[in-house]
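In the text below, chain A, chain B and the rest are named by the order of the sequence lines, each starting its count at 1.
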Amino acid sequence: MIVENTQTQMRKGILEYCILSIIAKGETYASDIIAELKKAQLLVVEGTLYPLLTRLKNNGLLTYNWVESTSGPPRKYYVLADEGKAVLEQLDKTWRELEFAVHTAIGDRNSTSKTEAKKDE
Amino acid sequence: MNKTIIININGIVFHIEEDAYEILKNYMTDVKRHFLNSADSLEITTDIENRIAEMFSDILIQENKQVIVEQDVNSVIDQMGRVEDFDEIYEEGKTPAGSTDTYTINERKLFRDPDDHLVSGVCAGIANYFNIEPLWIRLAFALSFFFVGTGLLLYIILWIVIPKATTRADRMAMKGEKLTLQGFKNNLEEELSAVRGHINNLHDEARPVVYKMRDFAGDFFGHLGHFFEGAGKILIKLLGIAILVACFAAAIALVVALIAFIGFGQARYNHMFPFSIVESHHANYIFITAFLTAFIPVLTIIIVLISAVFGTRPVSRSTGSTLLVIWICALCALVFYAVKATENFRSEGEISKIINLKASPGNVYYLKLNDVKYLTHDDSLRLDIKNNFNDVVIKNDDNDETEPRNVSLNIERSNVPYPVLVETFKAQGSDDQDALMNARHTKYIYTQKDSVLTFDDKLYRTNGYEWHAERIELTLQLPLNAVVIIDQDLNDRVGMNGINVHDCKETNKQDNATAATFIMTNDGAQCKVDTVVTVKSPTQIDSARKAENAKTIAKLQAQVDSARRADSTIKHN
C-alpha cells in the first residue's frame, strides 16, 4: 500500500510537469497530449487527463481556445498561460535538481555496491 | 437484427445499439457520480463526453459504418479508462470505489417519486418508503377523498411538505439503496431487482464474519439490542404518526368549522358563549383570525412531525417565517377584537320595575317553573308579540345551558298585605347609556293565575344577537305567614337565595315530592315541616279522580233526586 501510494505521488507530480511541458510546445489538443503521454508510458487511461487539465486551467496555468472540428464536437486546444510558463520554468529547475539528487543517490548506491563487490573480489 | 437508439452527445447524433447504449449510459453515470463532489464536475464530464463523441466519430469513419455497437463502446471505455482507474491520480488518499460503504444499506427516505407518479408522486413516494405497491396507497387516498375531502387536504399538505426526488442520490435514498458507485451503476431503473439480489448477497456474505467475531451470547444480545432499537424507533414513529393523525383531525375540524361559520352565518351559533358576544358585522374577520391562530400551530406541528417521522427536509425558512408572521398578525387581530368585545362589558345598567300582584285568598302561593316550550296564547297577547317584537329572539330550548344562569328569585317579606314582585333587569354595555339600553331591551315572562305564579328560567333579548350579560333579579315579597309551595324544578333552574327545596323535602322525609312548602316568617321564608305535597302516582290520581267523580255524580244525583222529589210533591199538591 505504501509503495503504491509513493508511486502514485511520484507519477502525479511528474504527470503534471509533463503535461505542462507538452503544452509548452504550442497549442495542443487533449488527444495529442494523451498520445504523447502514452508514448512516454506515463498515462494508461484518458479519463485521468481531463480532471488534471481542468485543475491546471483553474489554477491559471493553462487556457484554451475552442476550435471547430470537421468530424466531431468543437475541440479545446490548450495553451500555456503566463503563469504556467513561470511555473514550468520553476519545475524545470526543480526537475534538474531532482534528477541530480536522484542520480547522485542512486549512483552512490550503485557505485557503493559495485565497489563493495570489487572489494570482495 | 438489433434495436438502435439515437443519442445526442453534445450536439452530435449517433445511432447506437441498445446493449451498447446501456453500457455507455452506465459508464457515464459512473463518471458523473465520480466527479460529483468536484467543483468542475460539469466541465470534466463534458470534456469526457466530447472526447467519447469524437472517438465514436472516428470509429464510424474508420470502419465506414453507421451504428455504434457494444464492442465500440467497450474499446472507447478501455481507452478512456474506468472510474476505478481515475482515482489513482485525481484524488489522493481516496480508497477505491465501493469498498468503504459496501456493507451499509441506507435508511429509506421519503421523497416524491418523479418516475412513478399519477399526480405529484406522493403516493409512489410513500409506497417506496414502506416498500409496498403504490397501488394500495393510491387506493387508500382515493377512498379518503370521499370523507369530506380529508384525503385531499392530507395529499396537498404532503405534496408541499415532501420534497421531490430530483437527484439520483435522492431516488436511491428513496428506495433505500446504498449510495455507492456499485449501487449507482445498478440503479438504472430497469435493474432494481438485480440490486435487491445484490444487497441480499452482501448480507449473506457479511453474516459469517459477524458470527465469527462474536460468541453466541454476544450475538444473541446484539440482535436483541438491534431488535429493541428498531422497535423503539418504530414505536416513536408510530407515536408520531398517531399525533400526526390527531393533528390532521384537528386541522380538518378547524377548516370545517370555519367553512360552517362563514357559510351558514353566525345566527345559528349566536346562543353559544364565545359567539354570543361577537358583533355580527365583525363576525367573519373574527372567525378567520381565530381560525388562523389555531390552525397555524397545528400546521406547524404537522410539518415538524412529518419531517421528523419520515426524515424529510423541513419546509424552507421563508415558508416558516411567513407562517409565523401570519400567525402573529392573526393573534394581534384576535386580541384586538377581544379587547373590543370586552369594551362592551365595561358599564353596568339596571332597571327596576315594581309590580303589585293579586293577593291569594288563602294566603297560599304556588311557585312553578314555566316548562312550556313555546309561548302560550296569553303570553303572546300580553307581550303583543306581533307588533312589539318583530325581531325578538325567543329561546325556549330547555337544554339551553350555554348562557350563564340569568334569572334569580329572592323571596322576602312584604310590608303590604298583598304580594309584590320587583323585577330588576341588569345588563352590561360600553357605557352607562348603552348598558341601560341593553337592560331595557330585556324581557322577562311570568304569569299569575290565582295563587299560582309561574316563572321562566330565561330572558328574552329584543335588540339583536349579542349577549350583554343580561340578567334579572326578581324579588317576590309575600305577606307575613303566607304559605309558599315551591317546585323543585323552579329551585333547580332559577337561582333562589336561601331556599333549598331539596333540603326541605329531606327534612320532611319526602324525597319523592315535586315541591316543598315554606312559610313566610319575619326572617323570610322558612321550610314548613310536615306539610309536603306528595307525589301522586298515576293510579292514585286515577282513583282520586274516580272518587271525585263519584262524589260529583252523587251530588248531582242528590240534586236531581231532590228536584224530582220537589216536583212530585208539587204534583201531589
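Put simply, the side chain of A:T54 reaches to within 4.5 Å of the side chain of B:D47, judged on heavy atoms.
With a 6.0 Å radius and a threshold of 12 heavy atoms from other residues, nucleotides or ligands, B:F56 has its CZ atom above the threshold. The local environment of CD in B:Q66 is sparse, with at most 12 non-hydrogen atoms from other residues, nucleotides or ligands closer than 6.0 Å. Within 6.0 Å of the CD atom in B:Q71, the count of heavy atoms belonging to other residues, nucleotides or ligands does not exceed 12.
Taking CZ of B:R51 as the start and CD1 of A:I34 as the end, the distance is 5.0 Å to the nearest 0.5 Å. The CD atom of B:E49 lies 12.0 Å from the OH atom of A:Y50; values are rounded to the nearest 0.5 Å.
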